[in-house]
2 protein chains.
Amino acid sequence: MRSEDIAKLAGVSRSTVSRVINNYPNVPAATRDKVLKVIEQHHYEPNSFARALAGKSTDTIGLFAISMNENADASRIYQNSYFAPIVDLVVDTANAQGFYVLIHTIYSPGDFQKVKQAFLQKRIDGGILVGTQKDINFVSDMVGHGAPLVLIDYDITEIIAERLDKNHLSIINSRDYEGTVEAIEYLIKLGHREIGIIKGRMSTFSGRERYLAYESTMMKHGLPILDNFVLAGDFLKESAYREVLNLLHSGKLPTALFCSNDAMAVSAMEALMEHGVHVPDDISIVGFDDALLASHVSPKLTTVRLPIDDMSKAAVEKIIELCQSGQSAFSTASFPTRLVVRDSCKTPAI
Amino acid sequence: MRSEDIAKLAGVSRSTVSRVINNYPNVPAATRDKVLKVIEQHHYEPNSFARALAGKSTDTIGLFAISMNENADASRIYQNSYFAPIVDLVVDTANAQGFYVLIHTIYSPGDFQKVKQAFLQKRIDGGILVGTQKDINFVSDMVGHGAPLVLIDYDITEIIAERLDKNHLSIINSRDYEGTVEAIEYLIKLGHREIGIIKGRMSTFSGRERYLAYESTMMKHGLPILDNFVLAGDFLKESAYREVLNLLHSGKLPTALFCSNDAMAVSAMEALMEHGVHVPDDISIVGFDDALLASHVSPKLTTVRLPIDDMSKAAVEKIIELCQSGQSAFSTASFPTRLVVRDSCKTPAI
DNA sequence: CTGAAAGCGCTTACAG
DNA sequence: CTGAAAGCGCTTACAG
């Protein structure tokens, strides 16, 4: 069933059928109704490709999740407490606005090619890029083609430094720095002075922000940053487990440990508990993200809530705006985090 | 940049460019290389819509998740331990085969329309439908249009009963019945005789299977099925919490409780613990799914592992096969579950 | 208000 | 081996 068939059945031309479909004003109600009736009767749907070819938008946005270093079990990306809710919310928000979403994950640099293709082949009106390791060159490429792009969790200074044409670009961030400050100051207020950290992947904007905030807050309060209390990490639980084990073997523990995300916090707790170190009696733990798990482990994890809902929704709204308005100025939005106090912290024993 | 531009630059016709792109055999290596060089130089990508219009496939499959009754917080669908890994694996498997995936969730009957459109507008080559409440009429519709469709978790007898043209249809299931039997017999072997159940949503194939298996296994072993030990549930944690509370108030507990999924099992444990009933000392709990949470709660949950990986991969492979082969016979695959014994069950106290 | 026609960017018989 | 031409199913100036 094509528009031509509808036209014949309704006794009009394809032009008129098209006008009805696209809600042109210059169609008399009578004609419109007549056409609409035929369309409904036959469950006609205009071929989306033909429409797109003829210049209409695709009503599809892309969602690309980058997860390059997450080695071995890389396919678990959506179970990752960070990606899952973003995918969730982006799909829902976009669907609610009448958009489909095309998803592709990026596990290797080669996958960037597929994403670029999605743009160049005009499969989508615009795209949202989320995840760490956003290659600045890739971003330049995309932006160069004038494709609307929204970046979630991206260091703005990098964009500025590249002097990109930022017309079709928008960045959505969370205020991780402030969230971390709040968490560290909460520990300090509880009476902690020896506060350690498990770092996130430092190639990541959030990884860096969370670490920097830790550092500067400690310094601001005149507290020492001890090398052996600064543990490396990459946001994955294995790294945290390993580092905490090392820490345990060193014999000396901090009274509190800030973990750059919940996955690592939970894993740290496990390592600690297994060695008879009790949380929060012997050591306080705070995480970051407020993942699903945080409220289910025991003790329930005190953590910094990431405004993933706000960010995801904002990303969709922004990309749709960029797609529709043809052009608009570079914009940035940054959403606040919130400390969620549960049961994994207490005043340190003397 | 269009194929015409490439043709000019390479000194050939569009036809030849197209032949190169589509890997036709009848192009001399020299010509092919010449064209390929120009294509690469200019980062040319053929417009996907034009290709699709001209008869090529879209290289896109649809993934539609139905989640109708999950009331209030329905947008959490991808965090749902059941959907998240499916989305994950379907996207990855499809991507690896060079397919994009178009996602849409179905929260209301109206959303079925959007999914139907995705097919009718030819946005996708075929689709995977997952989630409960698959409207048989909807399925009929789809199948009627000859659109390749894979159903995950669907009662085959319904399809048979409808006498559908099953040529472009495939069903992927898990052996929930056998998994439940294994779980219940494990409890019986531990010495339990008073085994209760929290049911899943009975409008669901898995909900029914899990209940029926419980019922028949109990009967087979001559054990009583007591009305007050058969709790209603809908796969969501709230229902389990509420039902267990009621059970607690009734004063009489079974020695073991089979929960139709992990979300409910975890919630049941919480309700129990909060009332001083210890798991597994006072009551044994077994779940179903082996969700991420299962190994992180305390005590770690004994549960039946759903073969989600196998199912998701099989679904993608099947849909791609259906899309490519034009036609193929109706097929069904059913993957085995596996009991994962952890710490939430033990021999009942006398 | 409405139709004929051109055009969107490809693919693929067809003819040579 | 290769080009000219028709066709895929729409949209949208253009002309009336």
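First the proteins, then the strands, lettered A, B, ... as listed; each starts at 1. No hydrogens, no waters, no symmetry mates; every other heavy atom, side chains included, goes into these values.
The side-chain contact (heavy atoms from CB on, under 4.5 Å) test with B:Leu129 singles out one residue from B:Asp153, B:Leu63, B:Leu151, and that residue is B:Leu151.
Using Watson-Crick or G-U wobble geometry with both donor-acceptor distances under 3.5 Å, C:dG3 finds its partner in D:dC14.
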Using the 3.5 Å cut-off, write out each protein N or O paired with an N or O of nucleotides 10-12 of chain C and the distance between them.
residue: C:dC10; atom: OP1; partner: B:Tyr44; partner atom: OH; Å: 2.7
residue: C:dC10; atom: OP1; partner: B:Asn47; partner atom: N; Å: 3.3
residue: C:dC10; atom: OP2; partner: B:Ser3; partner atom: N; Å: 2.6
residue: C:dC10; atom: OP2; partner: B:Ser3; partner atom: OG; Å: 3.2
residue: C:dC10; atom: OP2; partner: B:Tyr44; partner atom: OH; Å: 3.4
residue: C:dC10; atom: O5'; partner: B:Tyr44; partner atom: OH; Å: 3.1
residue: C:dC10; atom: N4; partner: B:Arg14; partner atom: NH2; Å: 2.2
residue: C:dT11; atom: OP1; partner: B:Asn22; partner atom: OD1; Å: 3.4
residue: C:dT11; atom: OP1; partner: B:Asn22; partner atom: ND2; Å: 2.9
residue: C:dT11; atom: OP1; partner: B:Arg51; partner atom: NE; Å: 2.8
residue: C:dT11; atom: OP1; partner: B:Arg51; partner atom: NH2; Å: 3.2
residue: C:dT11; atom: OP2; partner: B:Ser18; partner atom: OG; Å: 2.4
residue: C:dT11; atom: O5'; partner: B:Ser18; partner atom: OG; Å: 3.4
residue: C:dT12; atom: OP2; partner: B:Tyr24; partner atom: OH; Å: 2.4
residue: C:dT12; atom: O4; partner: B:Ser15; partner atom: OG; Å: 3.4

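Taking 4.0 Å as the cut-off between side-chain N and carboxylate O, A:Asp5 and A:Arg2 count as a salt-bridged pair. Taking the charged nitrogens against the carboxylate oxygens, A:Glu321 and A:Lys318 do have a contact shorter than 4.0 Å, which makes a salt bridge.
Here the side chains of A:Phe64 and A:Ile128 are not in contact, with every heavy-atom distance at 4.5 Å or above. The shortest side-chain heavy-atom distance between B:Ile21 and B:Ser18 does not fall under the 4.5 Å cut-off.
Nucleotides D:dT12 and D:dG16 place their C1' atoms 16 Å apart, quoted to the nearest Å.
The residue A:Ser48 sits apart from the nucleic acid: no heavy atom pair falls under 4.0 Å.
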